[in-house]
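Accompanying notes for the structure given below.
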Amino acid sequence: MLPLKFIRQNVELVRRGIVSKGTEDERLDKILTLDVQLREKIAQAESLKARRNKASQAIAQLKREGSEAKNEISAMGELSQQVKKLDQEIQDLHTNLHNQLLWLPNLPHPSSPIGSDPSHNRTVSTIQAATLPDFQIQDHLTLYATLGLVDFDAGSRIAGRGFPLYTGRGARLERALINFMLDLHTLERGYTELYPPFLATRKTTEISGQLPKLEEDMYVTAVDDLFLIPTAEVPLTGIHQNEVLLEDELPRKYAAFSACFRREAGSYGKETRGLLRVHQFNKVELVKFVHPEASYDELETLRSDAEEVLRRLELTYRVVDLCTGDLSFAAAKCYDLEVYAPATDQWLEVSSCSNYESFQARRGNIKFRRKDTNKLDYVHTLNGSGVATPRLMVALLETYQQPDGAVALPEALVPYYGEESIVSR
RNA sequence: GGAGAGGUGGCAGAGUGGUUGAAUGCGGCGGUCUCGAAAACCGUUUCCCGUUUACUCGGGACGGGGGUUCGAAUCCCUCCCUCUCCGCCA
């Protein structure tokens with residue numbers, strides 16, 4: 001959510017920003033019109049209320065002196081009706097304005113490359129960490145099957161397409177990846193481990209920016225209006241809603257595992273096989289609440305923390321600085337981490353590390369008190385996947401397969417998996 | 001799911017429908033005293049919105065929303081949350 005005052009004072013800046021993110025600017029004009037109307041009504045209502053308050057005090061005075069105040073009271077009747085009517089109009093305008101504001105995306109940071117689609121993204125670095133196999137290699141789909149790691153048919157029978165059933169060593173590998181990542185972030189990188197609810201209220205889901213725009217992509221429970229989380233970002237960002245944090249407590253760093261649920265509406269026909277695009281997957285998520293002046297430094301360390309997962313697993317990956325048109329609704333700047341899958345020769349997104357600045361903090365009313373001025377201010381929020389497992393597993397299998405069909409695991413993962421390789425039986 | 005109790009300022013805790021943004025205590029901040037500190041004493045201490053170049057002025061907020069009233073922290077309805085007991089259950 002952008003502050004109204006800021007919008008009012010920087011109309012053209014806001015317009016350029018949202019247009020570069022691919023949003024129509026009609027909504028902005030609508031907001032400006034509503035804002036003018038609203039302030040006009042507020043001024044009217046407040047002057048009437050000022051009169052009412054004065055009269056009310058006069059009545060109280062008369063009563064205390066023991067005299068009747070019939071005339072004064074009846075004179076107040078009409079005034080009160082007018083106030084009531086104006087208040088109703090103000091409320092309607094306010095609701096309308098608020099709903100419009102919820103649809104206005106965050107502005108991109110000046111350092112984000114300008115562009116309308118992924119072709120304008122900027123590759124920041126490419127890390128060639130592993131020796132790639134030099135023999136005729138199999139793709140991940142074949143490897144799942146020969147090693148018996150995932151049963152897609154059974155998953156479909158249970159819940160429909162896109163709900164993989166991890167089996168045997170596949171299930172164990174999944175668990176190993178999650179534990180490895182959680183240990184890395186919490187024991188070595190100073191994140192506090194959390195285990196959040198996997199369902200969240202509409203309000204909480206609104207804070208992180210998934211609602212209202214992405215409602216079609218979310219699973220909702222019918223009777224309770226609870227949303228299955230598409231990422232642990234949703235519950236983690238909701239933790240401190242309506243709170244004031246101490247400046248000394250910043251940054252607050254949280255890491256959490258969660259299952260993630262995404263309807264992926266509109267993406268049918270793409271990547272429907274395997275684990276590249278599924279309705280339920282696992283992810284370790286990192287969320288930080290930070291001091292506004294530190295947020296871009298924090299973005300770099302967040303990215304580095306997420307990268308560390310890929311470094312330890314000795315995978316080839318690259319870091320991409322997303323262009324304005326490819327940024328998510330709430331983000332001001334975002335790095336994607338893409339891991340390389342050699343058999344299919346694809347770069348697979350396994351992490352997005354974003355700075356939301358005060359956008360989410362405003363929606364969630366998450367503040368801190370500045371020690372020098374003693375004033376309240378919004379924190380900045382950041383989050384990054386650290387990282388999502390399905391595509392990670394794809395890259396891992398394709399990168400580490402052996403000529404005999406087994407998969408030799410990177411050293412970092414061995415203690416978690418319990419064996420040095422995954423062998424077909 | 002059933003029955004009951006309760007939600008007030010950073011915390012604790014008052015509050016007959018009419019100067020109550022809110023007593024009192026604790027905490028915080030500033031000051032007096034002191035070589036310094038403690039104690040004591042004095043003062044101060046919420047946030048949001050509108051208005052103004054500014055000083056200012058005005059409005060609003062006692063879990064959320066609605067209602068009654070000239071006027072609501074105070075009365076009524078409703079939702080949420082917390083606690084206690086009962087039932088059910090991993």
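Residue numbers begin at 1 in each chain, while the letters A, B, ... track the order of the sequences.
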Whole Å only: how far is the [atom1] atom of [X] from the [atom2] atom of [N]?
X	N	atom1	atom2	answer
A:Leu62	B:rG71	CG	P	17 Å
A:Lys49	B:rU51	NZ	C1'	15 Å
A:Asp87	B:rG67	CG	P	10 Å
A:Lys41	B:rU51	NZ	P	16 Å
A:Asp225	B:rC79	CG	P	16 Å
A:Leu38	B:rG59	CG	C1'	13 Å
A:Leu246	B:rC11	CG	C1'	14 Å
A:Arg51	B:rG71	CZ	C1'	16 Å

Inter-nucleotide [atom1] distance ([N], [M]), Å rounded:
N	M	atom1	value
B:rG15	B:rG2	P	32 Å
B:rG4	B:rC11	P	30 Å
B:rA14	B:rA23	C1'	6 Å
B:rU45	B:rG21	P	16 Å
B:rC35	B:rU53	C1'	50 Å
B:rA3	B:rC79	P	13 Å
B:rC26	B:rG13	P	15 Å
B:rG9	B:rU44	C1'	15 Å

Taking only the side-chain nitrogens and oxygens of [X], find out if one of them lies under 4.0 Å from OP1 or OP2 of [N].
X	N	answer
A:Asn53	B:rG60	yes
A:Arg8	B:rG50	yes
A:Arg39	B:rU51	yes
A:Ser47	B:rG58	no
A:Arg362	B:rC48	no
A:Lys54	B:rU19	no

Considering Watson-Crick and G-U wobble pairs with both distances under 3.5 Å, what does [N] pair with?
N	answer
B:rU34	none
B:rU24	B:rA12
B:rA5	B:rU82
B:rG71	none
B:rC89	none
B:rA61	B:rU46

Review point. So does A:Glu243 pair up with A:Arg252, basic N to acidic O under 4.0 Å?
Key: no

Could you tell me whether [X] contacts a base, only the sugar-phosphate backbone, or nothing, with contacts defined as non-hydrogen atoms closer than 4.0 Å?
X	answer
A:Arg369	sugar-phosphate
A:Leu79	nothing
A:Gln91	sugar-phosphate
A:Ala43	nothing
A:Lys84	sugar-phosphate
A:Lys367	sugar-phosphate
A:Ser56	base
A:Arg202	nothing

Is there a donor in the side chain of [X] and an acceptor in the side chain of [Y], or the other way round, less than 3.5 Å apart?
X	Y	value
A:Glu285	A:Ser258	no
A:Arg52	A:Ser56	no
A:Glu357	A:Tyr378	no

Check your understanding: Taking the side chain of A:Ala50 as its heavy atoms from C-beta onward, which of B:rC47, B:rC49, B:rG59 lies nearest to it?
Key -> B:rG59

Point to revise | Minimum heavy-atom distance A:Met218-A:Arg263, with the two atoms named | key: O-CD, 3.1 Å

Check your understanding: Which pair of heavy atoms, one from A:Ser111 and one from A:Lys333, lies closest together, and at what distance?
Key -> OG-NZ, 2.9 Å

Review point. With nearest nucleotides of RNA chain B determined for A:Gln57 and A:Ile42 from heavy-atom distances, which residue corresponds to the more 5′ nucleotide?
Key: A:Gln57

Review point. Which residue, A:Arg52 or A:Leu376, contacts RNA chain B at a nucleotide closer to its 5' end, judged by nearest heavy atom?
Key: A:Leu376

Check your understanding: Passes salt bridge (Lys or Arg N to Asp or Glu O under 4.0 Å), A:Arg303 versus A:Glu300? Steps please.
Key -> CA-CA 5 Å; A:Arg303 183 189 89 178; A:Glu300 296 305 314; 3.7 Å; yes

Review point. Relative to the ring of A:Phe289, is the ring of A:His240 parallel (under 30°), tilted (30 to 60°) or perpendicular (over 60°)?
Key: perpendicular

